Visitor: 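The structure follows.
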Amino acid sequence: QVQLVESGGGLVQAGGSLRLSCAASGRTVSGYCMGWFRQAPGKEREFVAAIGWIGGITKYADSVKGRFTISRDNAKNTLYLQMNSLKPEDTAVYYCAVAPGFLVVTAESYEYWGQGTQVTVSS
């Protein structure tokens with residue numbers, strides 16, 4: 001079993017930046033896809049970004065492409081999401097997740113989830 005703990009969320013003004021981290025424990029996640037999802041109040045959980053086993057292949061939602069960067073440090077068993085040029089519509093709880101696949105974008109395919117970290121972007 002994998003335990004995931006997100007951190008780095010907070011309140012920022014539009015145009016600001018945040019760096020989210022997701023620390024994994026219980027087992028190594030170096031052989032799994034890792035991803036970020038977000039969910040705003042009253043909305044469905046939304047795919048944000050995913051990164052493959054090695055880290056050279058990534059996938060981004062169109063809404064964050066060019067602003068967010070996903071990365072992973074397998075030696076530290078940690079996933080990151082660098083968020084720049086934040087917009088009010090980025091406000092949501094952000095979740096990290098782990099999937100037994102190469103590059104997975106479907107939420108139901110992810111096996112392990114963190115508790116989430118709140119990101120609030122003021123206008």
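Computation of the quantities below employed the complete heavy-atom set of this structure, encompassing side-chain atoms and omitting hydrogens, waters and symmetry-equivalent molecules. The structure presented is a predicted model; accordingly, all values stated were derived computationally and were not measured.
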Visitor: Between S21 and T78, which heavy-atom pair has the shortest distance, and what is it?
Guide: CB-CG2, 4.5 Å

Visitor: Test the R19-Y80 pair against the cation-pi criterion, namely NZ or CZ under 6.0 angstrom from the six-membered ring centroid and within 45° of the ring axis.
Guide: yes

Visitor: With rounding to the nearest 0.5 Å, note down the distance linking CD in Q82 to CG in L18.
Guide: 8.5 Å

Visitor: Say you draw a straight line from OH of Y94 to OG1 of T117; how long is it, rounded to the nearest 0.5 Å?
Guide: 10.5 Å

Visitor: Tell me whether M34 is reachable from V2 by hopping between hydrophobic residues (I, L, V, M, F, W, Y) whose side-chain heavy atoms are closer than 4.5 Å.
Guide: yes

Visitor: Between Y95 and L4, is there a shared hydrophobic cluster once you connect ILVMFWY residues whose side-chain heavy atoms come closer than 4.5 Å?
Guide: no

Visitor: Distance check, rounded to the nearest 0.5 Å: M83 atom CE versus T69 atom OG1?
Guide: 11.0 Å

Visitor: Distance from R72 atom CZ to C96 atom SG, nearest 0.5 Å?
Guide: 11.0 Å

Visitor: Evaluate the side chain to side chain contact (heavy atoms under 4.5 Å, CB included) criterion for residues N74 and K76: first the C-alpha distance (whole Å), next the side-chain angles of each, then the deciding distance (0.1 Å), finally the verdict.
Guide: CA-CA 5 Å; N74 289 335; K76 297 180 179 179; over 6 Å; no

Visitor: What are the two closest non-hydrogen atoms of Y60 and K65, and how far apart are they?
Guide: O-CE, 3.9 Å

Visitor: Closer than 3.5 angstrom, by distance alone: can the side chain of N84 be matched with the main-chain N or O of S17 as a donor-acceptor pair?
Guide: no

Visitor: Enter the distance from F68:CZ to S63:OG here, rounded to the nearest 0.5 Å.
Guide: 7.5 Å

Visitor: Side-chain heavy atoms under 4.5 angstrom apart, residues restricted to Ile, Leu, Val, Met, Phe, Trp, Tyr: same cluster for V12 and L81?
Guide: yes

Visitor: Less than 4.0 Å between a side-chain N and a carboxylate O, is that true for K87 and D90?
Guide: no

Visitor: G35 and L79: which non-hydrogen atoms are nearest, and at how many Å?
Guide: O-CD2, 3.6 Å

Visitor: Looking only at heavy atoms, what is the nearest atom pair of W36 and I70, with distance?
Guide: CD1-CD1, 3.6 Å

Visitor: May I ask you to decide if S30's main-chain N or O and T28's side chain share a donor-acceptor pair within less than 3.5 Å?
Guide: yes

Visitor: Linking directly or through intermediates, with side-chain heavy atoms under 4.5 Å: list the remaining ILVMFWY members grouped with V5, chain and number order.
Guide: none

Visitor: Does atom CD of Q115 have more than 12 heavy-atom neighbours, drawn from other residues, nucleotides or ligands, at distances under 6.0 Å?
Guide: no

Visitor: Out of curiosity, E89 CD to R38 CZ, how far, rounded to the nearest 0.5 Å?
Guide: 8.0 Å

Visitor: Can R27 and Y32 be said to form a side chain to side chain donor-acceptor pair (under 3.5 Å), step by step?
Guide: CA-CA 11 Å; R27 62 174 295 174; Y32 293 81; 2.9 Å; yes

Visitor: Would you please test E6 and L20 for side chain to side chain contact (heavy atoms under 4.5 Å, CB included) and show each step?
Guide: CA-CA 7 Å; E6 301 95 337; L20 306 184; over 6 Å; no

Visitor: How would you list, by chain and number, every residue that makes a side chain to side chain contact (heavy atoms under 4.5 Å, CB included) with Y110, sequence neighbours excluded?
Guide: C33, F37, A50, A97, A99, V104, W113

Visitor: If you take all heavy atoms of T91 and A40, which pair is closest and at what distance?
Guide: O-CB, 3.7 Å

